[in-house]
Amino acid sequence: MWVVHFTDKNGKATVSICQSRDAALKSARGLREHFCAVHYISGPNGARIELKEILNWPSPGAEAWAR
């Protein structure tokens with residue numbers, strides 16, 4: 001399970017739970033487009049994706065890798 005930690009446009013701290021890393025990254029990018037402040041994504045075994053990595057996703061070449 002992956003959890004997107006963010007503050008909504010009304011200033012309320014909340015989370016969005018996702019089943020995969022990619023789903024969490026997609027969710028985080030979508031939340032930013034809706035004027036939410038995404039802080040980070042936490043994942044299994046202490047994994048953590050910081051805002052910088054969220055903003056850079058998908059990384060160059062990611063589409064070629066997925067094929």
Side-chain angles (χ1 to χ4, degrees):
M1 176 170 42
W2 293 82
V3 181
V4 181
H5 300 262
F6 68 99
T7 303
D8 68 18
K9 60 185 172 185
N10 297 317
K12 180 181 177 189
T14 190
V15 297
S16 175
I17 299 172
C18 302
Q19 294 298 314
S20 70
R21 181 180 185 274
D22 279 352
L25 285 162
K26 287 177 187 175
S27 176
R29 293 295 294 267
L31 287 164
R32 287 186 48 82
E33 290 174 8
H34 288 94
F35 307 104
C36 295
V38 174
H39 306 295
Y40 65 94
I41 298 170
S42 59
N45 302 316
R48 185 171 167 126
I49 303 172
E50 299 295 339
L51 181 59
K52 182 178 180 181
E53 186 176 350
I54 295 167
L55 295 175
N56 289 329
W57 182 86
S59 60
E63 291 179 17
W65 178 83
R67 293 181 198 163

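When hydrophobic clusters are built by joining Ile, Leu, Val, Met, Phe, Trp and Tyr residues whose side-chain heavy atoms come closer than 4.5 Å, directly or via intermediates, Trp57 is grouped together with Trp2. Cluster annotation: Met1 is connected to Val15 through the hydrophobic network of ILVMFWY side chains, with a link wherever side-chain heavy atoms come within less than 4.5 Å.
The distance from the NE2 atom of His5 to the CD1 atom of Ile49 is 10.5 Å, given to the nearest 0.5 Å. Separation of atoms CZ (Arg48) and NE2 (His39) is listed at 10.5 Å; rounding is to 0.5 Å.
What you find for Ser27 and Ser16 is that their closest heavy atoms are OG-OG, 3.4 Å. Summarising the geometry of Ala28 relative to Ile54, their closest heavy-atom pair is CB-CG2, 3.8 Å, with the distance given to 0.1 Å. For the pair Leu51 and Val38, the tightest heavy-atom approach, listed with the atom from each and the gap, is CD1-O, 3.7 Å.
A 4.5 Å side-chain heavy-atom check between Arg32 and Leu55 finds at least one atom pair inside the cut-off.
Atom CD of Glu50 has more than 12 heavy atoms from other residues, nucleotides or ligands within 6.0 Å.
The backbone N or O of Asn10 sits less than 3.5 Å from a side-chain atom of Asp8, completing a donor-acceptor pair.
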